Structure formats: structure tokens, C-alpha cells
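Note that this is a predicted model, so its numbers are computed, not measured. Just so you know, residue 1 is the first one in the sequence shown, and it goes up from there.
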Amino acid sequence: VQLQASGGGLVQAGDSLRLSCAASGRTFSSIAMGWFRQAPGKEREFVATISSGGGVTRYADSVTGRFTISRDNAKNTVYLQMNSLKPEDTAVYYCAAGGGPSSSGSPKYYNYWGQGTQVTVSS
């Protein structure tokens, strides 16, 4: 599976962005997907995850109520809608493809990673 993330950019606090992650391969609809982020000087952290069928989603406490993960299996794409962005959301965002159909917040669960897309939120 190859992953290509896009949609990052420079926005102001309170703005919205939608990240996309396009996946290659025929197994996309059978695996969970996740979004993680890494800020400068910090470890990579979990943001959101979605099960293979899209029925189960989970979020980090810091983004709950502001971010929404979704997927379109017909398009082999997973999305991260980010609303009410804050300066502390500034990071490189990575999409990841899991080792099975169940969602997971652990980076160890994910076998494939995209190249990352930069999100910068100014105050």
C-alpha cells in the first residue's frame, strides 16, 4: 500500500482544513486507517482512526469535537476534516494504513505510512 497525503497549509486560528490521503492497492477497503501528527521536538502522536468499513472512529482527546475522520472506499481515500484549528495543532500530519480492519490508536498497528503534510496554524 502506498499513501499520498495532501491538503495541508498555513491557516489562522479558527479556520478549517481538510486533509486527504489517497491509497494505492486493492486492500484499502479491508484495513483500518489512521492519522497521526508530529510537532517539532515532539514525538508522533495519535489523532484519529477509522475502521475498514468506516463504522468505528476514535479520536485523541485534544481533537475530539473539532476533527472528523472519514473514508471513501470507492475512491481509496481517507479524509481528516479539521475545524476550529488552534496553534497547537501545528504539525506534520501523517496518514497510516493498519494491519487489519479494526481501528487503533497505536502507531505500532500501522504497516504503511504516507509522507506527511504540513499544517501550520497561526494565532
* Measure from the side-chain N and O atoms of S24 to the backbone N and O of Q2, and report whether any donor-acceptor pair falls under 3.5 Å. => yes
* Asked: What pair of heavy atoms forms the shortest contact from T49 to S103, and how long is it?
  -> OG1-CB, 3.3 Å
* Asked: Can you name the nearest heavy-atom pair linking P87 to S123, along with the distance?
  -> CG-CB, 3.8 Å
* Is the closest side-chain heavy-atom distance between Y94 and Q38 below 4.5 Å? -> yes
* **Main-chain N/O of V47 paired with R58 side-chain donor or acceptor, under 3.5 Å** => no
* If you count the non-hydrogen atoms of other residues, nucleotides and ligands that lie under 6.0 Å from CD in E45, is the total more than 12? -> yes
* Determine, step by step, whether L3 and M33 satisfy the side chain to side chain contact (heavy atoms under 4.5 Å, CB included) criterion, reporting the C-alpha distance in whole Å, the side-chain angles of both residues, the deciding distance to 0.1 Å, and the verdict. => CA-CA 11 Å; L3 304 173; M33 298 294 295; 3.9 Å; yes
* Would you say the side chains of S16 and N83 form a donor-acceptor pair under 3.5 Å? -> yes
* Structure fact -> All heavy atoms of G9 vs all of L17, minimum pair found to be N-CD1, 4.0 Å
* Below 4.5 Å, heavy atoms only, C-beta onward: do Q118 and L10 meet side chain to side chain? -> no
* State, yes or no, whether a side-chain contact exists between T27 and V1 at a heavy-atom distance under 4.5 Å. => yes
* To do: Identify whether Y79 and V119 are in the same connected component of the hydrophobic contact network (ILVMFWY, side-chain heavy atoms under 4.5 Å).
  => no
* Treating Ile, Leu, Val, Met, Phe, Trp and Tyr as nodes and any side-chain heavy-atom pair under 4.5 angstrom as an edge, say whether Y109 and Y59 lie in one connected cluster. => no
* **Minimum heavy-atom distance P101-A32, with the two atoms named** => O-CB, 3.7 Å
* I31 to A97 - nearest heavy-atom pair and separation -> CD1-CB, 3.7 Å
* Is it possible for you to say whether I69 and V63 belong to one hydrophobic cluster, with membership spreading through side-chain heavy-atom contacts below 4.5 Å? => yes
* To do: Establish, from distance only, whether the side-chain atoms of S6 and Q4 form a donor-acceptor pair under 3.5 Å.
  => no
* Asked: Between T77 (side chain) and K75 (backbone), is there a donor-acceptor pair under 3.5 Å?
  -> yes
* Heavy-atom closest contact (F28 atom, V78 atom, distance) -> CZ-N, 4.1 Å
* Could you please spell out the steps behind the side chain to side chain contact (heavy atoms under 4.5 Å, CB included) verdict for W35 and L19? => CA-CA 10 Å; W35 284 98; L19 305 183; 3.6 Å; yes
* Would a 4.5 Å heavy-atom cut-off, applied to side chains only, mark I50 and V56 as touching? -> no
* **Non-neighbouring partners of Y93 that pass ring pair (Phe, Tyr, Trp, His ring centres under 6.0 Å), sequence neighbours left out** => none
* Min side-chain heavy-atom separation T120-V11 under 4.5 Å -> no
* With a 4.5 Å heavy-atom cut-off, do T117 and V92 have their side chains touching? -> no
* Check: M82 and R18 side chains under 4.5 Å, non-hydrogen atoms -> no
* **Flag side-chain contact, heavy atom, 4.5 Å: R44 against R37** => no
* **side chain to side chain contact (heavy atoms under 4.5 Å, CB included) assessment of L80 paired with F67** => CA-CA 7 Å; L80 185 68; F67 291 11; 4.2 Å; yes
* **From OG (S52) to CZ (R71), nearest 0.5 Å** => 6.0 Å
* Qualifying disulfide bond (SG atoms under 2.5 Å apart) pairs, either residue in residues 67-122, two or more places apart -> C21-C95
* Do Y110 and F36 have ring centroids that are under 6.0 Å from one another? -> yes
* List for me each residue that meets salt bridge (charged side-chain N to carboxylate O under 4.0 Å, His left out) alongside R66, sequence neighbours excluded, and say none if there are none. => D89
